[in-house]
Amino acid sequence: MSAAPAGPGLLETALRAGRDAGRKLLVPYFTAGLGDWTEALHAAAGAGADAIEVGIPFSDPVIDGPTIQEASTRALQAGATPDGILDTLARTEPGVPLVAMTYYNVIFRGGHRRIAASLVRAGVSGAIIPDLPLDEVGDWAAAADLAGVETVLLAAPTTPDERLPAICARSRGFVYGVGLMGVTGERATLAASATVMAKRLRAVTDKPVLVGVGVSTPEQAVEVCAEADGVAVGSAVVRRMLDGGGPEGAAELIGSFRAALDRG
Amino acid sequence: MSPTDRAPGGLMREPDPTGRFGDFGGRYVPESLVAACMELEQEFRVAWADPAFHAEFEHILSSYGGRPTPVTECARLSEQLGVRVLLKREDLAHTGSHKLNNVIGQTLLTRRMGKGRVLAETGAGQHGVATATAAALFGLECLVFMGEVDVERQALNVFRMRLLGAEVRTVTSGSRTLKDAVNEALREWVACVETTHYCLGSVMGPHPYPWMVRELQRIVGDEARDQCRQILGGADPDYVVACVGGGSNAAGTFAGFVDTPARLVGVEAAGGAAIGHGVPGVVHGMKSFFLQDEAGQILEAHSISAGLDYPGIGPEHAQLAAAGRAEYPQVGDAEVLEAFQLLSRTEGIIPAFESAHALAWVVREARWAIPAGATVMITLSGRGDKDAAQAMEHLG
């Protein structure tokens, strides 16, 4: 496994700047290829997103719950492909850093160096690959580092303490704390594990710590941000898109998260 | 024999410390599951080096599971095909297939880890039935995921699982077959990993599963080798043949013969031929061969056999194929149905559709490629009762 480059990249620089200015970070997720997704990216940036996760759909998304599964299926049925999505992104400039989220087979099949170069060409700063843990990330991370793509690693409630520093050291852009043991999806209440996760990560890294999975409402975002630097919000946003809310509906939801986080 | 004496040599040694067989294998799982995989690996290493574990494993398999299963020499079929056919009779194991071997081993590990619940995925239902059986035997809760298509075509096995006290959850996503049952089982495991063991049914998934399941199934090959030598006057068969979906009965069988001169043949379903038509990929925690499109999206497999309806193959098979030690030909549904009837009529043995794939290859190749009088050992991985209703639809 190669060591991460010493200096922060574009994504981390932007998130650190936000954090250092006293802002809680908000990173919504959109499934690429679903509805008016490129317009939604602009709308999200306008509503106060600090960065945006762009999901490149995969046929077998094992860490995703029903909402994102459904969005991925619909996008694939509509003809979404990784190359098509990245070509579209290259013509889209929402004005905030973009982070691609996809599964490893899409990258492995596409070729590490080719995909890394395509991400850069598309204006994507970072990559989240949930089925590529620390121990397996080396080959991809080497190609990503070389191209200038920041690979965000995940830490989970079951991650042993002794493993956390290595995950944080290798993670770039930010560290993604998984808020609960389970798949992505909306939950009525914030799991206690979410704040514990944030606290554990903050104790071992000064990189931005964002918590996602199971953060569904502005109130939950505020609660977890008592410890975390920010939140990633996926299923709640995607649900709006699936239900026909469109870019406006998604932006309205993101705006409510923004306002709640700014109020603190 | 001590546990270390049993380790197969040559190509089927232990995987490297990262869980790789050559270029294949690994542990590509969400971080949430990494600790559980590490715990399982540690628990298995300790147990597998412990003679007391082996004693209990083998005692249960003999007193409850019906082992050793016999090797049957098929006189009438041999005469018809012009080759000498021996069948390793896993259809005679309790629950009707080789699946019980793996499940007994994994439930013993579940108990050692202090977990009270198992979950499993199943295609044809054989692994689900075996898991439900072992869970009942050990007093564990049991949840089985099964694709909607398979629930319909394997109604008898669904009933058996429920009778045994398991909850069967129907999977309606994706192709609604085995691939999607694996996805749902992995999703469920993420949510309950601290209390539940995922009893994976084949030599696939993240390390240590491919290695562990092969070791637990090696009893099939070890028995068969000794039994064949008795029958063949100390010689080994010329061909050792088994069907391959994920590949657990083939891996267990091959492990017993990998150091002999026997030709190892893993027979894939034509519509689910991961080695025949797949390319390298990383899905379900492992690097192996998968049916996929140019963008890396996994394609649906199609086979008359629900157990072979899987677009991937275990990583050790990928390595055996890459090294040229085993070959992985394909047969189609029509040949399978013919073989299914042929064995029933010539030997009074109704094979599972899965096993009929191995048989179908032998029937086809005996006509021109297998030398007359050669000895062929086929692992009959399971019995065909579960497929009777489906066979009726095809055969009338």
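Naming convention: chains lettered A, B, ... in sequence-line order (proteins, then strands); numbering from 1 in each chain. Hydrogens, waters and symmetry mates are skipped; everything else that's a heavy atom, side chains included, is used. Every value quoted in this text rests on a predicted model; they were computed, and no experiment measured them.
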Handout entry: Derivation of the side chain to side chain contact (heavy atoms under 4.5 Å, CB included) call for A:Val178 and B:Glu31
Key = CA-CA 9 Å; A:Val178 176; B:Glu31 177 63 25; 5.9 Å; no
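Looking at B:Pro280, both its backbone and its side chain come within 4.5 Å of chain A, counting heavy atoms on both sides. When heavy atoms are compared at a cutoff of 4.5 Å, B:Glu188 does not approach chain A at all. Residue contact with chain B, scored on non-hydrogen atoms closer than 4.5 Å, is absent for A:Ile107. Residue A:Asp83 does not touch chain B at all, counting heavy-atom pairs closer than 4.5 Å.
Nearest heavy-atom pair, A:Phe58 versus B:Gly296, reported as atom, atom and distance to 0.1 Å: CE1-O, 3.1 Å. Closest non-hydrogen pair, B:Arg27 versus A:Pro133, comes out as O-CG, 3.5 Å. Taking each heavy atom of B:Val34 and A:Asp135 in turn, the nearest pair found is CG1-OD1, 4.3 Å. Considering every non-hydrogen atom in both B:Ser32 and A:Thr158, the closest pair reads O-OG1, 2.9 Å. Looking at every heavy atom in both residues, B:Asp293 comes nearest to A:Arg109 through O-NE, 3.0 Å.
In this structure, B:Arg187 contributes its side chain and A:Pro61 its backbone to a donor-acceptor pair below 3.5 Å. Judged by distance alone, with hydrogens and angles left aside, the side-chain atoms of A:Asn105 form a donor-acceptor pair with the main-chain N or O of B:Val282 at under 3.5 Å.
For CD of B:Glu294, the number of neighbouring non-hydrogen atoms (other residues, nucleotides, ligands) closer than 6.0 Å is 12 at most. The 12-atom threshold is not exceeded at CZ of A:Arg113, counting heavy atoms of other residues, nucleotides or ligands nearer than 6.0 Å.
To the nearest 0.5 Å, atoms OG (B:Ser175) and CG (A:Asp60) are separated by 8.0 Å. Rounded to the nearest 0.5 Å, atoms CD (A:Gln69) and CD (B:Glu184) are 5.5 Å apart. A distance of 7.0 Å separates CZ of A:Phe108 from OH of B:Tyr28, quoted to the nearest 0.5 Å.
Each of B:Leu299, B:Val279, B:Leu186 has some count of heavy-atom pairs under 4.5 Å with chain A, and the biggest count is that of B:Val279. Comparing B:Cys192, B:Ala35, B:Gly26, B:Pro30 by how many heavy-atom pairs each has under 4.5 Å with chain A, the most go to B:Pro30. With respect to chain A, the highest number of heavy-atom pairs below 4.5 Å among B:Gly174, B:Ala191, B:Ala36 belongs to B:Ala191. Comparing A:Leu153, A:Thr81, A:Leu132, A:Thr159 by how many heavy-atom pairs each has under 4.5 Å with chain B, the most go to A:Thr159.
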